[in-house]
2 protein chains.
Amino acid sequence: MTEAEQDRLTPRQRAVLERALELLVAGGERALTTAGVARAASCSKESLYKWFGDRDGLMAAMIAYQASKVRGFADDGGPMDRERFRAHLVGFAQDLLEVLGGDVSLALNRLAIGQASREKSRLGQLLVAQGRRRVDQSARALLEAGRKRGFIHYTDADEAYRTLYGLIVRDLHVRMLLGEEGARRPEKIAALAERAVKQFFALYGARQKERAETA
Amino acid sequence: MTEAEQDRLTPRQRAVLERALELLVAGGERALTTAGVARAASCSKESLYKWFGDRDGLMAAMIAYQASKVRGFADDGGPMDRERFRAHLVGFAQDLLEVLGGDVSLALNRLAIGQASREKSRLGQLLVAQGRRRVDQSARALLEAGRKRGFIHYTDADEAYRTLYGLIVRDLHVRMLLGEEGARRPEKIAALAERAVKQFFALYGARQKERAETA
DNA sequence: CCTTATCAGTACCGTACGGTACGGTTCTGT
DNA sequence: ACAGAACCGTACCGTACGGTACTGATAAGG
């Protein structure tokens with residue numbers, strides 16, 4: 001489902017997708033039945049099939065709809081000193097941890113992972129990737145802004161971003177997906193973000209560039 | 001299912017679990033039907049229910065059985081200079097990436113993640129955690145050995161290990177779980193491991209301890 | 001040879017789900 | 001006011017699955 005089709009959703013359809021997402025969050029994929037969605041959203045199954053084609057189409061629409069709500073982190077382009085850049089990175093880390101740990105995000109990732117084995121309907125995985133790309137690209141833009149101003153140094157932007165991602169998320173995402181209780185600690189997010197950014201600067205800060213890059 | 005019960009499995013039952021794992025790898029959870037397992041393993045459904053109780057018990061047995069095959073990385077305790085320690089870390093990183101990217105591991109993780117939402121049968125998640133704990137503990141022992149010999153420095157072993165994990169795995173595990181093609185690149189494992197260990201030494205090497213620890 | 005236990009194979013049952021069809025109602029445009 | 005579309009609620013159908021019961025074959029033990 002393209003972005004153009006996405007905008008073509010009527011408010012009614014958006015409301016249906018919201019209810020469907022609630023069902024998915026509450027009960028996992030097994031709770032996402034067409035009859036259940038129709039009942040919860042007070043619409044007919046016939047309308048569901050008319051709007052979304054089939055169950056796979058409904059799931060794809062749910063993912064695309066949710067992805068359309070995740071906005072990137074805009075680079076205001078204004079003056080930015082080193083401390084402001086660092087604060088931006090910490091903010092990115094916090095937002096990332098909050099997004100990944102959100103109920104809807106976890107439920108949709110579980111759904112997409114569950115569908116990953118089926119040859120057909122790989123759309124789910126692609127659409128989740130589309131949702132992630134927004135976050136990724138804004139983060140890459142942020143890194144590039146810091147590099148141009150000389151706060152950090154790298155030769156491979158992708159490598160640098162993935163390292164930042166690893167330092168922030170570690171194994172938290174998978175553990176949250178597995179339902180591990182200790183993994184979701186919203187009160188720890190600030191400290192996790194600070195530590196990750198500190199480590200990232202230790203690796204990619206302009207004064208230590210030789211240590212992180214040379215292979 | 002405890003380790004003692006695990007050993008009580010007959011060769012016949014192990015063979016059935018092997019076939020069940022093959023089915024799961026080939027077709028995901030939807031392919032793991034009781035009739036399908038019985039047919040593939042040439043046993044009766046009645047025997048399946050006698051041995052494993054129900055479908056959840058079968059899945060738990062599969063996870064426990066597979067976890068029993070994942071061995072940790074033994075610390076030979078012998079003399080170890082800095083280079084040997086580094087080589088051990090690189091070897092751990094390679095093994096970790098290979099295990100996480102294995103077909104059976106991915107299939108079982110997808111299965112456990114799919115079951116995570118259901119209140120009942122959280123066993124799957126716990127047993128996967130048990131399987132991971134073997135890897136975790138041996139890695140922690142390796143780090144501790146390096147710390148005692150002064151090659152690295154940290155105050156919180158858990159923090160250090162999680163950082164190492166993040167540097168090695170980054171977002172590869174989730175992307176592999178999502179079925180992303182570009183994520184599974186066995187030929188890249190060696191380079192990934194080298195880079196991760198290099199970055200880990202930059203953060204936790206004994207000479208740069210103040211940069212990684214002080215918050 | 002007889003008994004007993006185990007197990008493969010099959011048939012069966014209840015349930016739940018995806019998808020379709022239809023009657024009745026509300027909204028919309030003319 | 002009227003025609004047509006959109007849509008809700010429900011009933012329905014085919015299928016697939018989890019779980020159980022039954023039958024027949026095999027093999028060990030006396």
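A note on names: the letters A, B, ... follow the listed sequences, proteins ahead of strands, and every chain is numbered from 1. No hydrogens, no waters, no symmetry mates; every other heavy atom, side chains included, goes into these values.
At a threshold of 4.0 Å, the pair Arg184(B)-Asp103(B) counts as salt-bridged, since one of the basic side-chain nitrogens sits closer than that to a carboxylate oxygen. Remark: Glu18(A) engages Lys69(A) in a salt bridge, criterion side-chain N to carboxylate O under 4.0 Å. The residues Arg86(B) and Glu194(B) are annotated as salt-bridged, a charged nitrogen and a carboxylate oxygen being separated by less than 4.0 angstrom.
Using bins of under 30°, 30° to 60° and over 60° for the plane-to-plane angle, the ring pair Tyr154(B)/Tyr204(B) lands in the perpendicular bin.
Heavy atoms from other residues, nucleotides or ligands lying under 6.0 Å from CZ of Arg30(A) number 12 at most.
With the nearest nucleotide of DNA chain D identified for both Gly53(B) and Ser47(A), Ser47(A) has the one nearer the 5' end.
Side-chain N/O atoms of Thr163(B) and Arg170(A) include a donor and acceptor closer than 3.5 Å.
Contacts between residues 26-43 of chain A and DNA chain C, defined by a heavy-atom separation under 4.0 Å, are made by Leu32(A), Thr33(A), Thr34(A).
In this structure, the CH2 atom of Trp51(A) is 16 Å from the P atom of dT20(C), given to the nearest Å.
Close approach of DNA chain D to chain B, defined as any atom under 4.0 Å from a non-hydrogen atom of the protein, starts and stops at dC17(D) to dC22(D).
Residues meeting the salt bridge (charged side-chain N to carboxylate O under 4.0 Å, His left out) test with Arg147(B), sequence neighbours left out: Glu144(B).
Scanning both residues, Arg12(A) and Trp51(A), for their nearest heavy atoms gives CG-CH2, 4.0 Å.
At the heavy-atom level, Lys50(A) lies under 4.0 Å from the strands shown only through sugar-phosphate atoms.
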